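The basis for the numbers below is simple: all heavy atoms, side chains too, and nothing from hydrogens, waters or symmetry mates. Just so we're clear, the structure is a prediction, and the values are computed from it rather than from any experiment.
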Amino acid sequence: MRTPRKRRLIAAGTAWAVAAAGAVALSFGLASSATATEQLVNGGFESGSLGPWSCTGATGSVVTGQAHTGSYALAGAASASDSAQCSQTVTVLPNTTYTLSVYLKGSYVYLGVDGGTSTWTPGTGGAYQKLSVAFTTGASQTSATVYTHGWYGQGTYYADDVSLDGPGGSPSPSPSPSPSASTSPSASASPSTSASPSPSGSTSPSPTGPPPGGGLPTHALVGYLHASFANGAGYTRMADVPDSWDVIDLAFGEPTSATSGDIRFNRCSVSECPSVESDADFKAAIAAKQAQGKKVLISIGGQNGQVQLTTTAARDAFVSSVSAIIDKWGLNGLDIDFEGHSLSLNTGDTDFKNPTTPVIVNLISALKTLKAKYGPNFVLTMAPETFFVQLGYQYYGSGPWGGQDPRAGAYLPVIYALRGDLTLLHVQDYNSGSIMGLDNQYHSMGGADFHVAMTDMLLKGFPVAGNTANMFPALAPSQVAIGMPATTNAGNGYVAPAEVDKALDCLTKALNCGSYVPRSGAQPNLRGLMTWSVNWDNFGGREFSKNFDSYFG
């Protein structure tokens, strides 16, 4: 979460590879023959060029020396920020079964249909391996986008002899392919045949009474302050934090060991932060901020602070040690920023409303105890990664075959249990892999649409793991803020102020929307924005906070 220890995609993308089964597929509107059994064009890449295939981020190329048959093959240069997805859109017939196959070589390589079924293999041992999936088109479907891709940080993969076998479609594909309604992407080696997740359906009832406001303004700006370390952004004294910030999260309280539950907050040393203020000045500055109506919280975890409350003893130590930090510095509350391996679900723990995994149950109990101890004005916020929240739309825990990452959706039971006590949820919409939204399309970082799609899932609610009988209920708009990096230095997924404003326009006014239109409608009471971090915003000339002030007045 800091630089070089700032928030980043967990486990170098491997966790995404196990739990998620695809990324955004680009449309390329080229019709196949209406009578041929082979629907794809240039599936063997023997033209010596990519067309009509399209690859994300210019990551695809046609190469010699790696062919399965013939002379050429596709090379997808997957990087730390791009899975090198290559796709082609063809026309199809409604209510028709097709078979998609490919020969792939590489680590964590995938084959799938956008919005439909997919399959993958963790590695091919240096040789080509055939992957194949079957899918049935929807009742009104006239086009399908097929794709293959590698995974983040896994290096170049090779693909050859891609084939889509089935009856020919109509001569002209629709410009925007509609996803298949028959199957849902699966991360197991055996593709799922369950119904595709649907954004429709009633959500579970919300708690009675208004959500806790925590004394925040109608629109609030949340920022993390590097209080226990220095990095490239430099140290910022508490007294020098600009007035724009309504919630200041002290980063970080970290455990003495992963399972101790004993949290310590150590301020930055003089040797690391030469300009650091004294403890007395730090505490006085906190009180001065609070006198101005600001909230100052201790944030627990971060990238390096793995917290696993595996026992009730660890739970009790957590409550005691966090209380000591809050009391010592006179803080307003607590931010939960558990990342990495802090939260995961045991095999068989499938109901987010009734969790059984000890690290989940003990965390819920600890937070409820702290809330009860400090009363209704206690500010409780959470900053999970998309992996732990929105990915739960497709995958929850280890899944029906036991092959998914058990961390997928693991924050959902915590958010659900604390929904009546939660002041703010600000998911980190950065350092994220592609995530499926309620439109059953994958969305990637880099523009307003990603923030709109991810936030809409929290405002509308969604079926967990595609099960419409198991809905994660919507949060109140006043409980939701959008997490963004303050600068390009702060993390992957930075967007310029114009895109920030576009996302806010779409979510709060239903105006200026891009390709994704919120299912939740206009939500003028959306609480605001969160960023990593106050320090990086200062480093960048306060672009992020000044834009927030300008937008909300």
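- Contact annotation: the side chain of Q39 never approaches that of V92 to less than 4.5 Å [non-hydrogen atoms, C-beta and beyond].
- Between the NZ atom in K353 and the CZ atom in F472 there is a gap of 10.5 Å [rounded to 0.5 Å].
- Between the side chains of T145 and T89, at least one donor-acceptor pair of N or O atoms lies under 3.5 Å.
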Practice task
For the pair W532 and Y430, evaluate ring pair (Phe, Tyr, Trp, His ring centres under 6.0 Å) and give the outcome as yes or no after the intermediate values.
Solution key: CA-CA 10 Å; W532 177 259; Y430 47 93; 8.3 Å; no

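- Of all heavy-atom pairs spanning A408 and L391, the tightest one is CB-CD2, 4.0 Å.
- With contacts defined as side-chain heavy-atom distances shorter than 4.5 Å, the pair D165/Y98 does not qualify.
- Side chain of D449 to backbone of S515: a donor-acceptor contact under 3.5 angstrom is found.
- C55 is listed as a side-chain neighbour of L50, based on a closest heavy-atom distance under 4.5 Å.
- Partners of Y494 under the side chain to side chain donor-acceptor pair (under 3.5 Å) rule, at least two apart in sequence or in another chain, are E543.
- At distances below 3.5 Å, at least one donor-acceptor pair connects side-chain atoms of Q404 with backbone N or O atoms of G397.
- A144 and V113 make their closest contact through CB-CG1, 4.3 Å (heavy atoms, listed as atom of the first residue, atom of the second, distance).
- Exactly one of L412, V464, N440 qualifies for a side chain to side chain contact (heavy atoms under 4.5 Å, CB included) with Y393. That residue is N440.
- Checked by atom type, the side-chain pair S444/S434 shows a donor-acceptor distance below 3.5 Å.
- Take F45 and apply the ring-ring contact (aromatic ring centres under 6.0 Å, His included) test, not counting sequence neighbours, and it matches W53.
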Practice task
Check step by step if side chain to side chain donor-acceptor pair (under 3.5 Å) holds for T386 and S432.
Solution key: CA-CA 7 Å; T386 57; S432 170; 2.7 Å; yes

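- Across all non-hydrogen atoms, the minimal contact from I360 to P355 is CG2-CB, 3.8 Å.
- With a 4.5 Å cut-off on side-chain heavy atoms, N346 and P358 count as touching.
- Under a 3.5 Å cut-off, the side chain of N431 and the backbone N or O of G491 do not form any donor-acceptor pair.
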Exercise for the section: Decide side chain to side chain contact (heavy atoms under 4.5 Å, CB included) for T148 and L74; before the verdict, give the C-alpha distance in whole Å, the side-chain angles of both, and the deciding distance to 0.1 Å. Expected result: CA-CA 10 Å; T148 183; L74 168 69; 4.1 Å; yes

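- Ion pairing between R407 and D405 holds under the 4.0 Å rule for side-chain N and carboxylate O.
- When the salt bridge (charged side-chain N to carboxylate O under 4.0 Å, His left out) test is applied to K130, no partner is found at least two apart in sequence or on another chain.
- Scanning for ring-ring contact (aromatic ring centres under 6.0 Å, His included) contacts around H219 gives F552, with sequence neighbours left out.
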Practice task
Go through the steps to decide whether L104 and T121 satisfy the test side chain to side chain contact (heavy atoms under 4.5 Å, CB included), and finish with yes or no.
Solution key: CA-CA 9 Å; L104 287 169; T121 179; 5.7 Å; no

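- When only modelled atom types and interatomic distance are considered, T136 and T97 share a side-chain donor-acceptor pair under 3.5 Å.
- Judged by distance alone, with hydrogens and angles left aside, the side-chain atoms of Y411 form a donor-acceptor pair with the main-chain N or O of F338 at under 3.5 Å.
- Applying the side chain to side chain contact (heavy atoms under 4.5 Å, CB included) rule to A75 yields the partners S61, V63, T156, Y158; only residues at least two apart in sequence or on another chain are considered.
- Summarising the geometry of C86 relative to G60, their closest heavy-atom pair is SG-CA, 4.2 Å, with the distance given to 0.1 Å.
- Contact detail for A84 and G76: the closest heavy-atom pair is CB-C, 3.7 Å.
- For the residue pair E38/S163, the side-chain donor-acceptor check at 3.5 Å is satisfied.
- Within the 3.5 Å criterion, the main-chain N or O of H341 finds a donor-acceptor partner in the side chain of Q308.
- Between M530 and I482 the shortest side-chain heavy-atom distance does not fall below 4.5 Å.
- Counting all heavy atoms, side chain and backbone alike, L343 lies closest to F388 at O-CE2, 3.5 Å.
- One distance of note links CG of D337 with OG1 of T381; it measures 9.0 Å at 0.5 Å rounding.
- Counting only distance, with no hydrogens or angles, the side chain of T56 and the backbone of Q85 share a donor-acceptor pair below 3.5 Å.
- Among the candidates Y147, Y442, Y157, W151, the single residue satisfying the ring pair (Phe, Tyr, Trp, His ring centres under 6.0 Å) test with Y110 is W151.
- A donor-acceptor distance shorter than 3.5 angstrom exists from the side chain of D160 to the backbone of T69, with no hydrogens or angles considered.
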Exercise for the section: Evaluate the criterion side chain to side chain contact (heavy atoms under 4.5 Å, CB included) for residue pair V146 and L40; output intermediate values, then yes/no. Expected result: CA-CA 9 Å; V146 301; L40 295 179; 3.8 Å; yes

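- A distance-only check finds no donor-acceptor pair linking the side chain of S54 to the backbone of S87 [under 3.5 Å].
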Problem - side chain to side chain contact (heavy atoms under 4.5 Å, CB included) evaluation trace for T356 with N354 - result: CA-CA 7 Å; T356 58; N354 298 285; over 6 Å; no

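- Under the 6.0 Å cut-off for aromatic ring centres, H68 and Y128 qualify, their centroids lying closer than that.
- Within the 4.5 Å cutoff, no side-chain heavy atoms of T137 are placed close to those of T142.
- When side chains are defined from C-beta on, L475 counts as touching I415, because their heavy atoms get closer than 4.5 Å.
- Of the N and O atoms on the side chains of D349 and T357, at least one donor lies less than 3.5 Å from an acceptor on the other residue.
- Taken to the nearest 0.5 Å, the OG1 atom of T423 stands 9.5 Å off from the CE atom of M382.
- Expressed to the nearest 0.5 Å, how far CD1 of I336 lies from CG of L418 amounts to 8.5 Å.
- Between atom CG of residue D429 and atom CE of residue M484 there is a gap of 7.0 Å, rounded to the nearest 0.5 Å.
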Table please: side-chain donor-acceptor pairs of residues 452-459 below 3.5 Å, with sequence neighbours left out.
residue: T455; atom: OG1; partner: H451; partner atom: O; Å: 2.7
residue: D456; atom: OD1; partner: R519; partner atom: N; Å: 3.3
residue: D456; atom: OD1; partner: S520; partner atom: N; Å: 3.0
residue: D456; atom: OD1; partner: S520; partner atom: OG; Å: 2.6
residue: D456; atom: OD2; partner: Y516; partner atom: OH; Å: 2.6
residue: D456; atom: OD2; partner: R519; partner atom: N; Å: 2.8

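- Q479 places a side-chain N or O within 3.5 Å of a backbone atom of R419 that can act as its donor or acceptor partner.
- Between the side chain of N42 and the backbone N or O of E46 there is at least one donor-acceptor pair closer than 3.5 Å.
- With values rounded to the nearest 0.5 angstrom, Q523 atom CD is found 10.0 Å from S478 atom OG.
- Defined by atom type and a distance below 3.5 Å, a donor-acceptor pair is present between the side-chain atoms of Q66 and K105.
- Annotation: side chain of P384 is not in contact with side chain of Q428 (no heavy-atom distance under 4.5 Å).
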